Amino acid sequence: MTRLIVQLLPYSKILGYNLTYNKCIYWIKNGLVGSNSLLSLNVQYCRQFSLNSGLPKDISKNIHLSSTQGCETDRDIPEEEVFSLTRTVEIEDHSELFRNTLYPTSNDFIINQLKECHTVQELMDILINNSSSLTSEHYCQSILILWDITRPVKLEDERRTKDVMSDINTILPRVLYCISSKMDGLTPEALVCSVLYSNRMGISLRHPYIDALLSKISNLLMNEDVAEFPLSALSRLTIALVDNDELWSKLFLIKTLPFIYKNFDRCTNSEDFRALTISMLSTTPYLTENLLVEYGVLTEELLRNGNLNSSHTSILVKAILLLNNIYYKPDARFMIYKLLHMISGNLDKLFFPHFMDLHKVVWKNLEPSYMIMELENIKKKQSLKLQLMNDGHFSPIYFYLVTLPMNAQSSLILQRAISEAENLESLLCILSNLTTTQMETCNMLWTKAADLLISKQPVDIKMLQRVCLRYMNFTARMGSYHHKQFESRMLSTITTELVEGTAGLRPHVFAMLAAFVLSSHHHGHGLSDDIMPRLLSMMNQFDIECCLVLSRGLRHGMLHHKLQSYLQLDSALNQRTRELMKNMDISSVTAFNMILRSCINRKASLESELLCDILKRLDQLDWSQLTSRSLRNLIYNLHVTNTLVSQAMDQMVEYCLQGRHYVTGDTVAKLAFLCYFLGYTPAHTNSFLAVTADLISRDREVLNGLTLLQVGLALSYFNYLPPSFTCFIFSVTIDREVLNGLTLLQVGLALSYFNYLPPSITRFIFSVTFLERLDDEIKNCFAKDKYPQRVRQALMQLNRSVCLDHPEADVPWFHSKFCEQQQALGQSEGRPKSLLFTDVFSTLTSLVGSHNILEPTAVTPYGYTVDVQLNLDAALNPVPFKDSENVVNKVAFLLYNADSYTNCEHRLKGYHQMKQRHLEILGYRVIGLSDSLWNSMFMTEPKAKQEYLQKLIWPS
């Protein structure tokens with residue numbers, strides 16, 4: 001026992017586990033499986049190891065891949081730990097080529113007979129008739145033939161499939177026994193093929209005969225020269241092991257690393273490169289950054305000498321997947337651009353799993369733009385095809401690419417796809433097509449998800465994590481939607497796993513599942529007394545990603561309950577964040593985004609000293625690591641925290657200028673809106689705005705309405721309207737029938753800010769037909785608690801903007817009642833007056849002599865609200881606010897609190913600057929008062945505040 005623990009503890013440190021002697025004893029007692037040569041522990045693995053690699057974890061893997069809207073940066077829960085390697089037809093080629101894998105030029109009569117078999121019975125007859133002369137090579141060839149026979153059978157009727165698999169289950173163990181008893185002369189290729197394809201036919205890697213083969217392979221890895229263990233065998237070995245979630249298999253994979261490294265010099269052609277790439281993809285968690293950099297150099301060399309070209313599409317996709325692990329490095333990023341460019345134009349011809357892998361990479365990184373456009377065009381074609389399909393046997397995974405309109409036919413298609421989904425992978429592809437108006441369909445999907453997950457015992461912990469995190473993202477996107485039965489079944493399963501299973505021993509898994517428990521506790525489910533103490537006790541083992549996910553779960557839970565245990569967890573997460581900050585890479589943009597988002601999720605920390613300490617690190621970031629994804633995350637984080645750091649803003653602008661051919665219009669638009677929101681003018685304003693307008697025009701087909709509104713606000717703020725954007729405006733008019741109502745309203749508002757709103761759009765938006773269409777949209781919207789109000793607010797703002805900025809359009813102001821209702825709603829809620837308002841109003845009253853002269857919370861024409869309004873006559877004497885006949889001058893006092901200004905660098909935010917401009921159009925003289933100035937030291941002098949206001953109202 002002690003010897004096993006001594007052997008295990010060093011590996012645990014390498015792999016990222018924080019094990020103790022007692023934990024090792026627990027694992028060994030509860031899961032040790034006898035093995036001749038391998039340490040086999042019944043511990044499922046679900047951790048993204050680093051092995052001192054320094055590879056960062058990206059916080060935004062939660063991508064709804066069928067829509068650009070799924071890539072919004074406010075959905076921060078990671079859903080998939082790593083890109084799954086496409087297993088189907090990973091190494092197998094055409095049947096005839098596959099059967100020649102081991103002995104392509106053999107003259108052996110029996111082997112050649114086996115190659116000609118097409119049924120299990122034929123193979124059995126050959127083995128029986130030649131039983132006295134069979135060798136281990138014959139049995140290895142038999143396994144290849146058996147696997148090749150089963151592949152087409154899976155596509156035929158269920159009865160024949162069962163018959164074939166029954167025959168295979170009878171013969172395969174016998175074949176394996178013969179191999180394991182006569183394996184001394186077998187090549188590494190024959191040994192590995194026997195393990196891989198037996199496992200694919202259902203034989204466990206822990207089967208005694210497979211264990212014997214693995215022992216032999218392990219000895220070869222320890223003793224063989226690299227030339228004696230070919231790359232093709234190495235790639236098959238890693239594929240056989242990578243899907244196994246037990247600790248021993250991960251240790252076995254680590255043994256292959258020296259062979260992978262040594263094979264770099266031997267990799268001279270596309271097939272070697274393919275095998276090397278597959279081996280590295282299977283061992284990605286253990287690769288170092290330097291090794292991946294060398295891989296990029298090797299890729300460049302093979303491209304340069306022509307051994308790798310555009311005809312090797314599947315190999316290029318795998319290379320892209322691998323290099324994506326160091327996407328933050330400029331050299332790797334540009335190599336991925338080059339490989340994507342070689343594939344571009346042939347995406348629709350890719351094998352579908354490869355297409356899915358490529359789709360993940362592109363949407364995860366949100367660049368290059370030309371590839372996103374090509375993906376969107378394919379998506380549109382596939383969406384149209386799916387709507388026209390009447391065949392009831394299409395795969396649910398088809399929904400990976402499509403977005404259906406909200407109608408009865410779509411609901412039927414979705415329900416049919418859900419009922420026919422045979423696994424969770426297919427089922428989760430449907431999620432991006434669901435809305436809260438389809439309650440029956442939503443409930444049907446999550447009920448089916450729970451059934452599929454729990455039907456497999458023991459429960460797949462990795463899939464349990466993924467389903468629960470996808471559910472958390474889904475409910476966050478949908479607003480108030482909850483499926484209580486699903487939550488109850490998941491909580492029961494999770495509690496059992498955390499308290500009784502091995503999941504409770506792994507910090508990363510514990511944190512992921514505990515986040516779901518925290519977020520669902522308020523729906524009537526009890527928080528186990530065992531979970532919270534263990535969660536707190538494991539805090540020093542959690543990494544940045546664990547803190548991020550726990551913070552999201554805690555945020556959902558604290559919306560409903562302020563439990564003492566929740567407050568303790570919040571404090572513990574703050575403390576753990578400080579500890580992580582001491583050891584983290586201060587130059588990593590990804591790590592900065594992740595730790596800042598974790599703090600943002602714990603809303604109570606927004607005003608804390610911790611947040612300030614995190615934001616101070618903006619000046620220390622390595623901006624060469626910036627990517628579109630990390631830029632989008634940074635934009636969101638700065639927006640939420642109202643943070644303005646000029647250097648950071650200029651670096652983000654510079655990234656968009658340098659990468660104008662790769663970044664999307666959506667990305668640059670969000671950055672432009674951030675500049676407007678923070679009221680910041682970047683260093684290269686003219687160049688940036690020109691690029692923004694060009695990219696918006698280029699990507700207009702894939703931009704959503706909110707993005708268009710934001711970029712319009714930004715360009716309007718800078719009074720910039722280039723001709724290219726004018727052309728885009730006219731194109732929007734053409735597409736108005738296919739845009740949703742909110743998008744059109746937002747586009748109209750953006751164009752109004754540009755002082756350029758084409759009459760055709762104005763007439764269309766303010767027509768009876770369009771207003772009726774808005775009513776239909778509200779009835780069928782995603783989230784009924786938010787979307788209707790957003791639509792009404794957008795329509796009101798556009799109506800006001802058109803009336804003020806485009807009076808020639810002759811559009812009436814028809815939102816007076818709506819604004820009155822909003823005003824009455826605010827009054828009915830009884831919101832208390834701020835101390836700033838009370839003090840300013842009292843001082844003004846003393847200055848003008850009577851409170852009857854001042855109008856508090858005055859409503860201006862077109863629905864603006866002014867904190868205090870003072871009316872003056874022609875002689876600049878105060879006039880009672882009820883005496884409107886003698887009013888000549890109107891003074892609007894706008895009171896600003898800390899939220900009206902940016903953090904780090906103090907500046908009035910863009911919205912308030914725009915409001916001042918509008919009020920000036922309405923004839924007001926605007927006086928802005930900040931609480932920091934009002935409560936400053938010099939204002940404490942007697943009469944100081946009154947004298948200050950007097951100078952502002954009546955300047956000398």
Side-chain angles (χ1 to χ4, degrees), residues 69 71-74 76 593 596-597 600 603 606-607 611 615 618 628 630-656 663-685 688-689 691-693 695-696 703-721 725 742 745-747 749-754 786 790 793-794 797-798 800-801 864 894 896-919 928 930:
Q69 297 180 14
C71 300
E72 290 300 325
T73 54
D74 58 348
D76 57 359
N593 274 326
L596 179 55
R597 183 70 62 84
I600 290 171
K603 286 189 173 182
L606 282 179
E607 302 291 337
L611 180 64
L615 292 174
L618 268 172
S628 286
S630 59
L631 184 144
R632 292 274 285 266
N633 291 329
L634 189 55
I635 288 171
Y636 174 81
N637 290 335
L638 297 181
H639 186 281
V640 171
T641 57
N642 296 327
T643 299
L644 173 60
V645 176
S646 298
Q647 179 190 1
M649 297 295 293
D650 289 339
Q651 290 289 348
M652 290 191 287
V653 167
E654 184 65 23
Y655 178 82
C656 291
V663 299
T664 65
D666 195 48
T667 297
V668 76
K670 281 178 167 52
L671 180 56
F673 180 73
L674 181 67
C675 292
Y676 155 73
F677 177 79
L678 299 176
Y680 177 70
T681 303
H684 304 288
T685 304
F688 175 60
L689 293 177
V691 168
T692 299
L695 297 188
I696 291 296
L703 288 174
N704 61 48
L706 184 57
T707 299
L708 292 172
L709 170 64
Q710 291 174 339
V711 75
L713 286 169
L715 298 180
S716 176
Y717 173 73
F718 296 114
N719 292 317
Y720 187 91
L721 182 63
F725 202 86
L742 182 59
L745 291 175
Q746 293 172 334
V747 169
L749 185 58
L751 303 184
S752 182
Y753 272 119
F754 283 125
K786 296 180 180 179
R790 292 179 64 196
Q793 282 287 346
Q797 292 175 13
L798 180 59
R800 177 169 60 197
S801 184
Y864 273 121
L894 301 181
Y896 303 124
N897 56 24
D899 190 56
S900 304
Y901 295 89
T902 58
N903 295 321
C904 293
E905 296 179 20
H906 194 71
R907 189 188 300 258
L908 187 64
K909 292 196 291 191
Y911 167 79
H912 300 289
Q913 295 184 36
M914 292 292 288
K915 182 178 179 180
Q916 287 187 14
R917 194 180 82 181
H918 270 180
L919 289 176
S930 67

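No experiment lies behind these values; they were computed from the predicted model shown.
Between the side chain of K670 and the main chain of Y636, no donor-acceptor pair closer than 3.5 Å is present. A donor-acceptor distance shorter than 3.5 angstrom exists from the side chain of D650 to the backbone of A683, with no hydrogens or angles considered. Judged by distance alone, the side chain of N903 and the main-chain N or O of T641 form a donor-acceptor pair under 3.5 Å.
Side-chain contact between L908 and S900: present, with at least one pair of heavy atoms (C-beta onward) separated by less than 4.5 Å. Between V668 and F688 there is a side-chain heavy-atom pair separated by less than 4.5 Å. The side-chain heavy atoms of L618 and Q647, taken from C-beta on, include no pair separated by under 4.5 Å. T664 has its side chain out of reach of S628: every pair of non-hydrogen atoms, C-beta onward, lies at least 4.5 Å apart. Between M652 and L638 there is a side-chain heavy-atom pair separated by less than 4.5 Å.
Expressed to the nearest 0.5 Å, how far CE of M649 lies from CG of L634 amounts to 9.0 Å. If you take CG on L674 and CD1 on I635, they are separated by 6.0 Å, rounding to the nearest 0.5 Å. Rounding to the nearest 0.5 Å places NE2 of H684 at 12.5 Å from SG of C656. Taken from CG in L631 to CD in Q651, the straight-line distance is 11.0 Å, to the nearest 0.5 Å. Atom CZ of residue R632 and atom CG of residue N637 lie 13.0 Å apart, to the nearest 0.5 angstrom. The NZ atom of K915 lies 13.0 Å from the NZ atom of K909; values are rounded to the nearest 0.5 Å.
Residues Y896 and H912 bring no donor and acceptor atom of their side chains to less than 3.5 Å of each other.
The number of heavy-atom neighbours closer than 6.0 Å to NE2 of H906, taken from other residues, nucleotides and ligands shown, is above 12.
The residue from L644, T643, L678 that alone fulfils the side-chain contact (heavy atoms from CB on, under 4.5 Å) condition with E905 is L644.
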